Colleague: 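First the structure, then my questions, so here it is.
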Amino acid sequence: MTKIDSRRPESVLPTPSHTVGPFYGHALPFRGGEDIAPLGHPDTVTVHGYVTDGAGKPLPDALIELWGPDPDGNLPTADGSMRRDPASGGFLGRNGVEFTGWGRVQTDANGHWYARTLRPGARGRSAPYLSVCVFARGLLVHLYTRIYLPGDAAVLGADPLLSGLEDARRDTLIAAEEEDGTYRFDIRLQGEGETVFLEFQ
Amino acid sequence: MTLTQHDIDQEIAARHAAYEQRLADGGPVEHQPRRDYAPYRSSMLRHPQQPPVTIDVGKDPELVELSSPAFGERDITEIDNDLTRQHDGEPIGERITVSGRLLDRDGRPVRGQLVEIWQANSAGRYAHQREQHDAPLDPNFTGVGRTLTDDDGHYRFTTVQPGPYPWRQHVNAWRPAHIHFSLFGTAFTQRLVTQMYFPSDPLFPYDPIIQSVTDDAARQRLVATYDHSLSVPEFSMGYHWDIVLDGPHATWIEEGR
Ligand SMILES: [Fe+3]
């Protein structure tokens with residue numbers, strides 16, 4: 001039965017997850033999904049990397065979603081990530097002014113992805129980070145992780161998640177700075193150097 | 001060695017029996033599939049081997065994962081929820097209306113959030129270049145829809161009944177007919193991508209993807225209910241499918257959207 005009586009809590013049970021499969025290409029990716037930062041914003045950072053499987057092989061069909069606060073740590077509330085053209089039904093893309101904080105990018109044939117967003121600000125007790133959700137064919141339930149940007153060791157050291165991890169595992173959550181404002185963050189689904197994935201309770 | 005349906009059937013049965021044994025030993029009901037479900041071969045190299053690290057959201061209400069991206073009228077067009085009107089002509093197939101509510105674990109409606117769907121056409125073929133199945137493409141059907149939930153959490157789509165399709169994991173592997181759904185809640189922790197099935201599909205026992213949900217009651221929650229009151233006279237057959245998002249969320253805030 002899939003009519004849920006919302007007045008009876010015992011009948012309100014979660015809908016199970018399924019894999020995104022290989023054929024989401026017309027539905028989920030959209031023009032400018034990876035260009036989250038408003039045009040020319042001085043706090044823009046580029047994050048990029050590969051998604052690899054347990055054999056070290058890059059995934060050409062993974063889908064990454066990023067969600068993060070603005071540089072002051074505020075939660076974005078603007079919609080308009082995938083603005084549509086009412087005439088053609090196509091994508092207009094973001095307006096380049098508002099910051100929606102959310103983006104979506106598919107890995108390319110080499111298993112590589114990138115996004116340009118605003119450097120996240122700190123919130124609560126955490127060091128600044130971008131929240132990441134990974135989907136792929138073969139992945140029956142999506143995976144959450146976080147991208148912490150390197151820099152202030154004291155701030156990273158005080159982060160409640162990072163401070164509870166062994167060094168090697170902790171390092172999988174901290175991006176590597178390549179040049180000014182560009183960071184490398186690989187996502188290893190399985191095996192050596194496996195990325196730390198999160199569950200929320 | 002060629003992998004047969006019989007091989008997969010045995011693996012599915014073994015996984016199901018192992019779950020029943022865990023339950024009998026006092027284990028928890030598993031509402032979600034395990035990521036390492038070998039009968040679905042693609043999961044083998046793509047699931048983490050380390051257990052996930054648990055974040056107790058009660059300790060920090062400021063976590064960005066406790067909020068969700070926003071979507072609005074700018075992000076959809078008026079005909080996005082009618083997959084039969086997106087081309088010059090009518091797609092081939094049995095027209096269906098699929099509707100239901102998007103709820104959180106407390107039974108509260110998720111309002112103004114984005115629901116995205118995609119599916120094969122009535123012949124069981126996706127409009128995707130990597131698709132190898134040689135069933136006919138339909139020039140009048142892309143199989144993609146979007147909508148925002150209303151104030152009661154309702155969504156509604158008009159589309160055509162998707163066909164089942166073969167997928168080559170093993171000899172004679174067929175996916176039961178399904179519609180893929182992508183959903184957002186009030187928190188990023190509630191994100192869900194899943195598939196909706198149709199009642200009484202004879203392919204259910206053979207499909208390792210639906211069987212990856214080893215709990216019988218949980219698996220039933222993926223199957224829509226035929227709803228005659230949703231059937232539109234002289235036009236479409238109606239199916240009802242309510243969706244409940246798992247995952248913690250912040251204390252509910254009336255968003256007025
Ligand atoms: Fe499919």
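If you're wondering where the values come from, they're calculated on a predicted model, not measured in any experiment. Letters A, B, ... mirror the listed sequences (proteins, then strands); counts begin at 1.
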Colleague: Quick one: what part of A:Phe30 sits under 4.5 Å from any heavy atom of chain B, side chain, backbone, both or neither?
Modeller: neither
Colleague: At a 4.5 Å cut-off on heavy atoms, which part of B:Asp80 comes close to chain A: side chain, backbone, both, or neither?
Modeller: side chain
Colleague: Give the minimum heavy-atom separation between A:Pro16 and B:Arg221, together with the two atoms involved.
Modeller: CD-CB, 4.3 Å
Colleague: Side chain, backbone, both or neither: which part of A:Arg8 has a heavy atom under 4.5 Å from chain B?
Modeller: neither
Colleague: Using the rule given for ring pair (Phe, Tyr, Trp, His ring centres under 6.0 Å), can you reason through A:Trp102 versus B:Phe71, listing the C-alpha separation, both sets of side-chain angles and the distance that settles it, and then say yes or no?
Modeller: CA-CA 10 Å; A:Trp102 176 80; B:Phe71 298 92; 5.0 Å; yes
Colleague: How close do A:Ser131 and B:Glu65 get, counting heavy atoms only, and between which atoms?
Modeller: OG-CG, 3.3 Å
Colleague: Check the pair A:Trp67, B:Phe184 against ring pair (Phe, Tyr, Trp, His ring centres under 6.0 Å), reporting the backbone distance first and the verdict last.
Modeller: CA-CA 12 Å; A:Trp67 170 234; B:Phe184 290 83; 9.3 Å; no
Colleague: Heavy-atom distance under 4.5 Å to chain A: side chain of B:Val57, backbone, both or neither?
Modeller: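 When you check distances to chain A, atoms from both the backbone and side chain of B:Val57 fall under 4.5 Å.
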Colleague: Determine the option with the most heavy-atom pairs under 4.5 angstrom with chain B, choosing from A:Thr100, A:Val141, A:Leu165.
Modeller: A:Val141
Colleague: Can B:Tyr126 and A:His26 be said to form a side chain to side chain contact (heavy atoms under 4.5 Å, CB included), step by step?
Modeller: CA-CA 10 Å; B:Tyr126 284 93; A:His26 288 294; over 6 Å; no
Colleague: Heavy atoms only: give me the nearest A:Pro14-B:Gln32 pair and the separation to one decimal.
Modeller: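 What the structure gives for the nearest pair is CB-NE2, 4.2 Å.
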Colleague: Stepwise, does the side chain to side chain contact (heavy atoms under 4.5 Å, CB included) test hold for B:Arg34 with A:Leu140?
Modeller: CA-CA 7 Å; B:Arg34 294 192 161 201; A:Leu140 284 158; over 6 Å; no
Colleague: Tell me, for B:Val144 versus chain A, whether the close heavy atoms (under 4.5 Å) come from the side chain, the backbone, both or neither.
Modeller: side chain
Colleague: Using non-hydrogen atoms and a 4.5 Å limit, figure out which bit of A:Pro22 sits close to chain B: side chain, backbone, both or neither.
Modeller: backbone
Colleague: Side chain, backbone, both or neither: which part of B:His180 has a non-hydrogen atom closer than 4.5 Å to chain A?
Modeller: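 Side chain of B:His180 only, per the 4.5 Å heavy-atom cut-off to chain A.
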Colleague: Checking an interface table here. Which of residues 194-201 of chain A come within a heavy-atom distance under 4.5 Å of chain B?
Modeller: A:Glu194, A:Val196, A:Phe197, A:Leu198, A:Glu199, A:Phe200, A:Gln201
Colleague: What's the verdict on side chain to side chain contact (heavy atoms under 4.5 Å, CB included) for A:Lys3 and B:Asp227, showing C-alpha distance, side-chain angles and the deciding distance?
Modeller: CA-CA 10 Å; A:Lys3 280 191 183 174; B:Asp227 185 341; 2.9 Å; yes
Colleague: Heavy-atom cut-off 4.5 Å, strictly under: side chain, backbone, both or neither for A:Leu13 against chain B?
Modeller: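 Both backbone and side chain.
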Colleague: Side-chain contact, heavy-atom cut-off 4.5 Å: B:His178 with A:His18?
Modeller: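 SC-SC contact between B:His178 and A:His18 ruled out.
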Colleague: Where do B:Arg35 and A:Leu139 come nearest, in terms of heavy atoms and distance?
Modeller: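 Result for this residue pair: CD-CD1, 4.1 Å.
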Colleague: Check each atom of B:Gln169 against the heavy atoms of chain A and say whether the ones under 4.5 Å are side chain, backbone, both or neither.
Modeller: neither
Colleague: Applying salt bridge (Lys or Arg N to Asp or Glu O under 4.0 Å) as the test, list every pair that has at least one member in residues 44-61 of chain B; sequence neighbours left out.
Modeller: A:Asp61-B:Arg46
Colleague: What heavy-atom pair brings B:Arg191 and A:His142 nearest, and what distance separates the two atoms?
Modeller: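 Closest pair (atom of B:Arg191, atom of A:His142, distance): O-CE1, 2.7 Å.
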Colleague: Where does B:Ser212 contact chain A at under 4.5 Å (heavy atoms): side chain, backbone, both or neither?
Modeller: side chain
Colleague: At a 4.5 Å cut-off on heavy atoms, which part of B:Leu63 comes close to chain A: side chain, backbone, both, or neither?
Modeller: both
Colleague: Side chain, backbone, both or neither: which part of B:Tyr40 has a non-hydrogen atom closer than 4.5 Å to chain A?
Modeller: side chain
Colleague: Which atoms form the tightest heavy-atom contact between B:Leu114 and A:Met82, and what is the distance?
Modeller: CD2-CE, 4.0 Å
Colleague: At a heavy-atom separation under 4.5 Å, does B:Leu103 approach chain A through its side chain, its backbone, both, or neither?
Modeller: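 Just the side chain, heavy atoms under 4.5 Å.
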Colleague: Could you check whether B:Trp241 and A:Thr15, counting side-chain N and O atoms only, form a donor-acceptor pair closer than 3.5 Å?
Modeller: no
Colleague: Given that the side chain runs from C-beta out, which part of A:Arg169 has a heavy atom under 4.5 Å from chain B: side chain, backbone, both or neither?
Modeller: side chain
Colleague: Please classify the contact between A:Asn74 and chain B as side chain, backbone, both or neither, with a heavy-atom cut-off of under 4.5 Å.
Modeller: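 When you check distances to chain B, no heavy atom of A:Asn74 falls under 4.5 Å.
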Colleague: What part of B:Ala120 gets within 4.5 angstrom of chain A, counting heavy atoms only: side chain, backbone, both, or neither?
Modeller: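 Neither part; nothing is under 4.5 Å.
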